[in-house]
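The structure appears right after this line, and notes come after that.
These figures come from a predicted structure and were not determined experimentally.
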Amino acid sequence: MTSLPKSYDPKEIESKWYKFWQQNAFFHAEASSDKPPYAIVIPPPNITGSLHIGHALDNTLQDCLIRWRRMQGYNTLWMPGTDHAGIVTELIMERKLAEEGTSRNELGREKFIERMWQWKDESAGYIVSQLQKLGCSCDWERERFTLDEGLSKAVRTSFVKLYNHVLIYRDTYMVNWCPMCNTAVSNLEVEPVEIDGHFYHIHYPVIDTDIVLEIATTRPETMLGDTAVAVHPDDKRYQHLIGKKALLPLCDREIPIIADDYVDTDFGTGALKVTPAHDMNDYEIGLRHNLEQLTIFTPDGSMNQDAGDNYVGLSRWDCRKKVVEDLENENYLVKIVPHRHAVGHHDRCGTIVEPAISLQWFLNVRPLAQRAIEATKKGEVKFIPERETSRFFHWMENIEPWPISRQRWWGHRLPIWYCNSCEKVTVTMDTPDRCECGSTDFHQDEDVLDTWFSSGLWPFSTMGWPQETEELKTFYPTSVLVTGWDILFFWVARMIMLGLACMDEVPFRTVYLHGLVADGKGQKMSKSKGNSIDPLETIETYGTDAFRFALASISTPIPYVPLPEAQIESGRRFANKVWNAARFIMMNLEKHPIPTIDERGEEPEPLEVQWIKSRLSHTIQTTTDAMENFRFYEVAQTLYAFLWHEFCDWYLEFAKQRLTKAEPYPLWVAADVLEQMMRLLHPLMPFITEEIWQQLPHGANKFDSDVNVSITIAPYPKPTTQNPTVEATMASVMEIIDNIRSIRGELNVPMGASVEVHIQAPNTEVRSRLETYLEQYLPAFTRVDGITIAESLPKPSNSAEAVIGDLAIYIPLAGVIDLEAEQARLTKRHQQAVKDVTSAQKTLENPNFIERAPENVVAQKRELLERLLIEQEKLERSLSMLTSS
RNA sequence: GGGCGGGUAGCUCAGGUGGCUAGAGCGACAGCCUUACAAGCUGUAGGUCACAGGUUCAAGUCCUGUCCCGCCUACCA
């Protein structure tokens, strides 16, 4: 008896094979090789993080590509690694510290970083082991971490290089400031969220007049930092006030009334309070009019001394309340109206960001973006789906300087030193020895780099840059980058820019941007929404292969791919189906072992063998094309349909039938087809395919001995011949079987009951084919009591009938047949036939169609109509017979 | 305000350059433990392809407009 259990149990099998693969270093890429290179760098997950559904999809697809190319004989490198993920990771640590009753500031920089490394060391293996559970065939010997020595050197090297090209500079500018994280962030990290706020209308009295100006603001507390009121120069209502001064309520400060085009006369009251230190637009107005920039917030988002004695120390929100109260008490508040508007939130911590003026380091990305655009236009990088290209261009064309310094500790410290004597700035790889002024006393910049800076170097820093390594020569530019469309700007764009800047070459040839996993309702899965599937739990319940197959199945080009539980169940059922097909074949192979090639005689190829080979070839072709075009859902669907509905539903039934007649050859072919299917399926379902593949017969009678070590390095199947004639013949046989089954089903013939089948086949050639094949095949699918095939034969009384073109199939059902049911059945078929005939006739009656449509289309239509007319006529005749009898 | 994606069976989705009688999975219904598989087998039902025009011999597919849904993006305080 075979060792395969009745149901597929993934647990043991999965851990067994992953170890085997690793021990044999199948995933290791050669730094140089005769094989063509194929490389993917992993989007590095957070070192302290755990596998979420987005990772699962992303890495499954990458693994599919990598395994597929490896089998195709490429020298494949899947470069793995992790990211230090600056701000998020620090935030989590800070939460931990708070629980311990301490804080980052209490610990101090050195101790804090020590803790971070400790935590990193503790958790580093976690995410890696999860990726391995998922089956990822990464080259783990090359694993990298963004804070590694090598990668840190890459960061410093690129920084110095960019600085020397005057692309990195320091500037005082308005940036988005997170009061929670106490750092500047880039505008990409700011997520605008629509919130229900208010419009506060406030009176600003104009000095030396009785006039009051009414301004409207959503942030009344910022008035404490107002240094002007602006109106549009053409606004008749306010023109006469330009040049006068307004009295700022609560502050007793006189501020100028200025004219600026920026002001929209139709919005609000048309009078704009100007807070140059706390609003991007006001900042620019301030620069134009040389206004004072009055900062009223502290870095942690409360009011500073300049907000005035009444407000100092209050939080932004408490201050707002108090300002509104005070305005009301002093009769400056006109009204408060509800107003919905977008407010920027820090995407890492959710805090409302504060535009603030600060001294930061910037990377001038404009020239880099220009190069990236040109390279893309030249086709050096291709985006899939193509629509992403326009999103990429749009962002690149409107790009702004990137603030790269972060007032944090966990990350790459800026390689910038300030002389303690003369203030001179030195940017070098390591601490400078001495300053121009002769001093040897320096201090390094306190800030670290935006995490995305080091991620931007990932495709080459992981391969040893700035050294000129063999890996870089072999694998750069990499082949594909696979990630979600949501980080096109964050990461992909930066990699392209930095790749061009540092390597003079784009980092990858193709960018495949997949959708984001959504729940059954189409909502993006996320931990915060609580609608997320836990990949590890899913793997535990369904098995990795089932999960991976489900993920591949949903990978259509739409932006949000729904992953309902049922999809994963479907994956599991499929795995089980695969398992049982293999089980069936192997059980029978024990009884009918495959002879070696020498022992084997010339076997005649029965129709079904020719058919399955042709279908397999077709499947290989479709699957390969789909893989080449990143159509993973099509790969999954094609393999599912072939394996289940052609191989299992039909071919194995044929093979069974042959076995009853002691004809094992089709079974041997089944083993061969299964073996090839395992290879086709391997990129999607690595574990079960390895298990089955290993159990299939190997050796002289089957495969080359040097590739039979593992399916991971077995060749990906290539299409052979396809045989349309055989396929057509088989299709007609199948159609007859389908019709007989349908009649039995609809007329409630019990499973066990045998029926006679009479077939009228006027065409000689068709008749002889049917005589050959039906005898062989029919018993495999339905119980028959004898088959009669003739050029013309009478319809037996009390028989059911099916019509296929000029064929008529009669099944005598004396005593069983329900005449009414049969009449209903035929009537329905007839109605459909009439409908189809009418539609075909309409087309063919149109002279323009005959004239202008391609010949083959016209011919096809004619054939169709002919066939439909015959069917219609036959059905009519049968119906009239039925009603008259 | 711009731009993109979507609206096809009860649900979730396929339907590259227009051309066989519009498909799949899941679900529903009916019947089956037919010794590979009940995570299975067999059969059945279910669609005026969002709407309105247009181009064409031919439109789910191309064009225009409209209506919904989602997303990206923008300095309207």
Side-chain angles (χ1 to χ4, degrees), chain A residues 2 4 6-8 192 199 215-219 222 230 262-264 266-269 271-275 279-284 339 341-342 385 387-388 390-391 394-395 398 485-486 488-489 516 520 522-524 542 546 553-554 556-567 569-570 572-588 625 629 631 633-634 637 640-641 645 648-649 652 656 738 741-746 748 750-752 781-783 832-833 835-837 839-840 843 846-854 856-858 860-861 863-864 867-868:
Chain A
T2 176
L4 292 180
K6 192 168 168 179
S7 290
Y8 175 57
F199 237 161
I215 61 94
T217 179
T218 53
R219 300 197 57 194
T222 61
Y262 169 74
V263 181
D264 181 348
D266 297 329
F267 193 80
T269 62
L272 172 68
K273 64 188 271 312
V274 183
T275 323
D279 181 279
M280 191 60 212
N281 300 305
D282 292 9
Y283 176 75
E284 278 166 7
H339 181 65
H341 61 134
R387 69 175 118 89
E388 299 294 342
S390 53
R391 253 179 87 222
H394 183 258
W395 190 71
N398 297 289
W485 56 262
D486 56 329
L488 174 61
F489 306 145
L516 310 181
Q523 294 284 309
K524 181 189 167 182
Y542 297 96
S553 306
I554 61 164
T556 65
I558 58 174
Y560 289 89
V561 289
L563 179 63
E565 192 92 7
Q567 193 74 50
E569 281 167 21
S570 167
R572 177 172 60 177
R573 278 202 293 269
F574 183 59
N576 193 54
K577 190 72 181 178
V578 172
W579 185 253
N580 274 289
R583 191 164 154 259
F584 170 76
I585 289 167
M586 288 193 271
M587 277 166 62
N588 283 287
D625 289 349
N629 292 294
R631 297 161 70 93
Y633 66 98
E634 197 183 336
Q637 200 206 12
Y640 183 101
H645 296 307
C648 290
D649 287 355
L652 289 185
K656 264 186 203 170
D738 277 339
R741 279 174 157 183
S742 178
I743 286 174
R744 294 184 59 128
E746 283 181 72
N748 299 318
M751 260 314 174
F781 296 94
T782 188
R783 299 219 171 167
Q832 185 60 46
K835 208 177 124 194
D836 295 341
V837 163
S839 140
T843 308
N846 186 339
N848 285 327
F849 174 72
I850 312 291
E851 214 172 289
R852 301 192 198 179
N856 63 323
V857 174
V858 177
Q860 268 173 20
K861 216 28 150 197
E863 273 171 43
L864 174 68
R867 178 184 158 138
L868 288 171

Discussion item. How would you summarise protein contacts on nucleotides 67-77 of chain B per nucleotide, using B for base, S for sugar-phosphate only and - for none, with heavy-atom distances below 4.0 Å?
Written reply: ----SSS-BBB
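Nearest to the side chain of A:Tyr640, among B:A39, B:C20, B:G25, sits B:G25. Between B:A36, B:C4, B:A39, one nucleotide has an atom nearer to the side chain of A:Arg583 than all others, and that is B:A36. Side-chain proximity of A:Pro562 to B:C13, B:A14, B:A36: nearest is B:C13. Closest to the side chain of A:Thr556, out of B:G43, B:C37, B:C13, is B:C13.
Pair assignment for B:C32: B:G40, on the basis of Watson-Crick or G-U wobble contacts that are both within less than 3.5 Å. Applying the Watson-Crick and G-U wobble criteria (two distances, each under 3.5 Å), B:A24 pairs with B:U12.
Between A:Lys6 and the phosphate of B:G40, there is no side-chain N or O to OP1/OP2 separation shorter than 4.0 Å. Taking side-chain N and O atoms only, A:Lys861 has no distance below 4.0 Å to OP1 or OP2 of B:A58. Residue A:Tyr633 has a polar side-chain atom (N or O) positioned under 4.0 Å from OP1 or OP2 of B:G15. An OP1 or OP2 oxygen of B:C4 is reached within less than 4.0 angstrom by no side-chain nitrogen or oxygen of A:Ser390. Within the 4.0 Å cut-off from OP1 or OP2 of B:G40, at least one side-chain nitrogen or oxygen of A:Arg573 is found. Phosphate contact (OP1/OP2 of B:C41, side-chain N/O of A:Lys577, threshold under 4.0 Å): present.
Atom CD of A:Gln637 and atom P of B:G25 are 9 Å apart (whole Å). In this structure, A:Phe781 places its CZ atom 22 Å from P of B:C32, rounding to the nearest Å.
Under a cutoff of 6.0 Å and an axis angle of 45°, A:Arg572 and A:Tyr8 do not form a cation-pi pair. By the 6.0 Å and 45° rule, A:Lys656 stacks over the aromatic ring of A:Phe584.
With A:Lys273 as the partner, the side-chain hydrogen bond (donor to acceptor under 3.5 Å, both in side chains) test is satisfied by one option alone out of A:Asp282, A:Thr222, A:Asp279: A:Thr222.
Counting heavy atoms from C-beta outward, A:Ser570 and A:Tyr640 have side chains that approach closer than 4.5 Å.
In this pair, A:His339 and A:Phe199 present their aromatic rings parallel. The plane angle is below 30°, not in the 30 to 60° band.
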